[in-house]
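Model, not experiment: these values are computed from the prediction.
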Amino acid sequence: MIKHIIWKKKSLRVLDQRFLPRRTAYVDCRTAEAVARAIKDMVLRGAPLIGCSAAYGMALAARQGSRAALAKAARLLVQSRPTAVNLAHAVDAMLRASEGVPPGRLAVALARAAEAYFRADLSANRQMGRLGARLLRKGSRVITHCNAGALATSGIGTALGVIREAFRQGRIAHVYADETRPYLQGSRLTLWELMEEGIPCTLITDNMAAHLMKVSRIDAVIVGSDRIAANGDVCNKIGTYGLAISARHHGVPFYAVAPVSTIDPDMADGSRIPIEERSVREVVEIAGIPIAPKGAAARHFAFDVTPASLVTAIVTERGVAKPPFKPGIRKLLA
Ligand code: MRU
């Protein structure tokens, strides 16, 4: 699997996902500010991965040997993207790791803590893969949305981690990947990952999913998440909500796969989750080519919230929650 995030002690090297699958290029971030910029500009993306890179960003800030530098980096990193709660989770973990550490040892302590955070995400991926695969019967045909794979995490992925493990066990016959307008994470990244691994897959545009469920056997929809509320509402890439509605209409189970770091116990439900709005250029242009009349009004919501009532199960590394989600999620967090 391609190396997409490399800790080099004085810098963090990240694969520039904006150019995939056309070419492989890397960006070297030497400061927390540079990491925050890379997250904001989507050089790297995906909730768990931006959490891990924020942890390394804090480790870079710790090289200045002052708590003020850490506090400043923490603010910057948390603000770099608003929706995924993993950013705040990672930054909090790093601040906790800095408690009681003398300034001269901050750099070493935070580098260690960031590596531990990365490794914990990796092992969470594997565990989710094992638990999620059990939900699928042999030869399943599934739909996934956006990219919740290796490129979005430290390891094998959340939704794609389940798909990888299920494929290994003979439980996946075919994966349909939504292209994921407007940023095309599905076509650019998910198809690339699946094809690299030889997992049978087909690209569909987002508006084909409901039709596919109607005319063809689909056994499950499997997606990742950027923030899960305490009641089981699932925030994920724009288009997930529509996919969940279609799944319910066609009697197809809808599974969300995410580490517990994606659960935000402070959000009673999904209504207050901040939804990132990105530049409308990403809607009215594709690769710099206009696809709408000059001056056309547009919106670019980057995420949506699927109500818990449409979710069949939430797979985490600590177990699988099923409705009613509130007590199940409370137990996972305990
Ligand atoms: O805007 P992105 O590409 O960062 O959005 C990513 C997603 O929505 C993923 O589905 C989500 O982060 C889960 S990734 C394991």
Side-chain angles (χ1 to χ4, degrees), residues 47 83-85 128 131-137 140-148 152 158-160 162-163 166 175-181 185-186 190 204-260 262-265 267-276 301-316 319-333:
T83 301
V85 75
M128 286 184 279
L131 294 175
R134 288 189 203 151
L135 299 170
L136 300 171
R137 59 173 187 228
S140 288
R141 295 152 55 87
V142 303
I143 298 181
T144 189
H145 189 70
C146 193
N147 173 266
T158 55
L160 281 198
V162 169
I163 288 170
V175 182
Y176 290 92
D178 282 350
E179 96 181 312
T180 318
R181 273 281 288 153
Q185 290 95 329
T190 298
I204 55 171
T205 61
D206 302 351
N207 50 4
M208 293 177 187
H211 176 73
L212 189 65
M213 289 183 213
K214 188 168 154 195
V215 299
S216 172
R217 196 195 89 220
I218 296 294
D219 300 290
V221 170
I222 310 177
V223 298
S225 173
D226 290 78
R227 198 183 295 225
I228 296 175
N231 71 339
D233 287 352
V234 170
C235 179
N236 191 45
K237 180 52 55 190
I238 192 72
T240 304
Y241 177 32
L243 194 57
I245 293 172
S246 299
R248 175 56 54 91
H249 182 77
H250 293 95
V252 175
F254 177 93
Y255 300 122
V257 186
V260 287
T262 300
I263 300 175
D264 184 350
M267 288 284 163
D269 59 46
S271 60
R272 285 187 309 110
I273 295 177
I275 300 293
E276 178 180 9
F301 301 103
F303 298 93
D304 60 27
V305 176
T306 297
S309 58
L310 297 177
V311 179
T312 310
I314 296 172
V315 179
T316 75
V320 177
K322 292 194 174 154
F325 285 112
K326 250 193 213 171
I329 286 179
R330 225 179 295 128
K331 224 165 112 193
L332 289 174
L333 291 174

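Between Thr83 and Pro274, the closest heavy-atom pair is OG1-O, 2.7 Å. A pairwise comparison of heavy atoms in Gly270 and Asn231 identifies N-OD1, 4.3 Å as the closest pair. For Ser225 against Ala47, the heavy-atom pair with the smallest separation is O-CB, 3.8 Å. Here the shortest heavy-atom pairing between Leu333 and Pro265 reads CD1-CB, 3.8 Å. The two residues Leu332 and Ala321 have their closest heavy-atom pair at CD1-CB, 3.9 Å. The shortest heavy-atom contact between Ala313 and Lys322 is CB-CG, 4.1 Å.
Residues Cys146 and Val223 have side chains not in contact (no heavy-atom distance under 4.5 Å, counting atoms from C-beta outward). Counting heavy atoms from C-beta outward, Ile275 and Cys235 have side chains that approach closer than 4.5 Å. Contact of the Asp178 side chain with the Ile204 side chain is registered, since non-hydrogen atoms from C-beta on lie closer than 4.5 Å. At least one side-chain heavy atom of Ile222 sits under 4.5 Å from a side-chain heavy atom of Leu136. By the 4.5 Å heavy-atom criterion applied to side chains, Thr240 and Val234 are not counted as neighbours. No side-chain heavy atom of Val142 sits less than 4.5 Å from a side-chain heavy atom of Thr144.
With sequence neighbours left out, the side-chain hydrogen bond (donor to acceptor under 3.5 Å, both in side chains) criterion links Arg217 to Asp219. Residues passing the ring pair (Phe, Tyr, Trp, His ring centres under 6.0 Å) test with Tyr176, sequence neighbours excluded: His174. Residues meeting the side-chain hydrogen bond (donor to acceptor under 3.5 Å, both in side chains) test with Thr316, sequence neighbours left out: none.
A donor-acceptor pair under 3.5 Å links the side-chain atoms of His145 to the main chain of Ile238, judged by distance alone. Formation of a donor-acceptor pair under 3.5 Å by the Asp206 side chain with backbone atoms of Thr180 is found in this model.
Side-chain N/O atoms of Thr190 and Asn147 include a donor and acceptor closer than 3.5 Å.
Atom CG in Leu243 sits 6.0 Å away from atom CD1 in Ile143 (nearest 0.5 Å). Put simply, CD1 on Ile329 and CD1 on Ile228 are 6.5 Å apart, with the number rounded to the nearest 0.5 Å. Distance CD1/Ile263 to CZ/Arg330: 12.5 Å, rounded to 0.5 Å.
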Tabulate below the donor-acceptor pairs under 3.5 Å that side-chain atoms of residues 305-312 make, not counting sequence neighbours, or state none.
{"from": "Thr312", "atom 1": "OG1", "to": "Phe254", "atom 2": "N", "distance (Å)": "2.8"}
{"from": "Thr312", "atom 1": "OG1", "to": "Phe254", "atom 2": "O", "distance (Å)": "3.4"}

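Applying the side-chain hydrogen bond (donor to acceptor under 3.5 Å, both in side chains) test to pairs two or more places apart or on separate chains, none has a residue in residues 248-257. Judged as a salt bridge (Lys or Arg N to Asp or Glu O under 4.0 Å), the pairs with a partner in residues 220-239 (not counting sequence neighbours) are, in order, Arg227-Asp264.
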### Task
Under the side chain to side chain contact (heavy atoms under 4.5 Å, CB included) rule, what do Val85 and Met267 come out as? Steps first, then yes or no, please.
CA-CA 10 Å; Val85 75; Met267 288 284 163; over 6 Å; no
